[in-house]
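In what follows, a structure is listed as structure tokens, so that the remarks can point back to it.
When reading the values below, keep in mind they use all heavy atoms of this one structure, side chains included, and skip hydrogens, waters and symmetry mates. As the structure lists them, so they are numbered: ligands from 1, and atoms in each ligand from 1.
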Amino acid sequence: MKLLALSVLVLLCGLLEVQAEGYNGYKVYQVTPKTLQQADILHQLHEDPEFDFFQDAKLLGQPMSIMASPRVQQYFETTLANLTHEGLDYTVTTEDVQKVLDEEYADFVRRNASRQAGARAVFDECWPIWSVWSVSILKYIGSGRPNAPTIFIDAGIHAREWIATPSALYIISQLVENPAHARLHQNVNWAIIPAINPDGYEFSRSSVLNRLWRKTRRPNQGSTCIGTDPNRNFGYQWNTGGASTNPCSDIYAGPEPFSEPETDAIRRYFINHYTEIKLYVTIHSYGNYILYPWGFTSELPRDALHLQTVAEAAARPIEAASTLGSRYTIGSSTNVLYEASGGSDDWTKGAIGVDLSYCFELPGGGSFGFNPPVAMIRPIVEETFEGFIALGEYIASLYG
Ligand code: 0X9
Ligand code: ZN
């Protein structure tokens, strides 16, 4: 088992070929709406391909971080300027996104060049190409009993959220290699997919021009735009809100539920194992949230209190262990973040019936949150694992 997880330190630390137009002239705005009407106006832009919401905010008075292409900046700035009369605040936090990405990448290359060539430690020395091999990993780490209660974790469904994958790999490494955690898989199985969107992930690595790619990479019929948002592609309340029918949008729901091989792979696994799976966690970044269903409605599931209590029990040890000062916000997706239908967590709970279903948004880092410096990988993955220990112990205590 160490096998794939850690022995494949194939670590080709450089990025590959250059493609696409990149983010030249794209700006990032920090916008703080003060009224619900202002927030609504901003949310309407969510599915417009010319905008990318790096950080959304549900609560009035909290800042949103929105990237706008050069094509819409004039229009956007006029809209914002009009809204400032009603109290909205905004500033341009980045004048040229590509320039910042290029600088960050040059810094990354400089630091890597000063290290030894060859194999490097997974969590300390580079951002390797994990997905080359990890796509095929759906590993049981477990009790030896195929029907034992199972914890299912996926990571990296959004291509650019790189920190998700090492966090999942770290869970595997601790479960497999650290005897202190053997008890966590004595009576419980763990199924972990560290890079569930490998094509997208590779694309986001292929050039700094593609660094902010989020979706899958399957071409769309009748459109030149590529890819579907896999986290809008699950078949429970699919495309009922907070998702787009435009293939060019970053939150494109796909032509139909489970149109993507990545989401279909999860579906097939759950269909075969639904009786055993007791906990589902999908790992994303960024923003320090533990989210639970629903993402399609602001109504709460009947067992919201249970979901909240277990999430709090996971957040506490993360926060206690954090050397980064991490603090987590916990709540239902729609209520603390935004409405977004077709997510994997809604489907596992709503369609499959997994009671405990969560989306972890890990800490961000670097310019836009998706580029934690290499030195932040270990602190993030270590503190996050503390949450998974708590979750693992809870599942073992319930079913073990
Ligand atoms: O929008 C998403 O898919 C997730 N946030 S992210 O910034 N990583 O893209 C949140 C998903 C929460 N779950 C649902 N809406 N079902
Ligand atoms: Zn995500």
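Checking His284, Arg232, Glu361 against atom 10 (C) of ligand 1, the nearest heavy atom belongs to Glu361.
With a 4.0 Å cut-off on non-hydrogen atoms, Ser333 touches ligand 1 through its side chain and not its backbone. Residue Glu339 does not touch ligand 1, judged by heavy-atom distances below 4.0 Å. When non-hydrogen atoms are compared, ligand 1 lies under 4.0 Å from the side chain of Tyr338 (C-beta onward) but not from its backbone.
Here's the thing with Arg214: one of its N/O atoms is less than 3.5 angstrom from an N/O atom of ligand 1. For ligand 1, none of its N or O atoms has an N or O atom of Tyr286 under 3.5 Å away. The shortest N or O to N or O distance between Ala340 and ligand 1 is below 3.5 Å.
Remark: Glu260 does not engage Lys215 in a salt bridge, criterion side-chain N to carboxylate O under 4.0 Å. Ion pairing between Arg214 and Asp229 holds under the 4.0 Å rule for side-chain N and carboxylate O. In summary, Arg183 and Glu393 engage in a salt bridge, as defined by a charged side-chain N under 4.0 Å from a carboxylate O.
For the pairing with Trp347, the ring pair (Phe, Tyr, Trp, His ring centres under 6.0 Å) check across Phe296, Trp294, Tyr274, Phe258 returns one residue only, Phe258.
In the model, Tyr29 has no side-chain atom that pairs as donor or acceptor with a side-chain atom of Thr94 under 3.5 Å.
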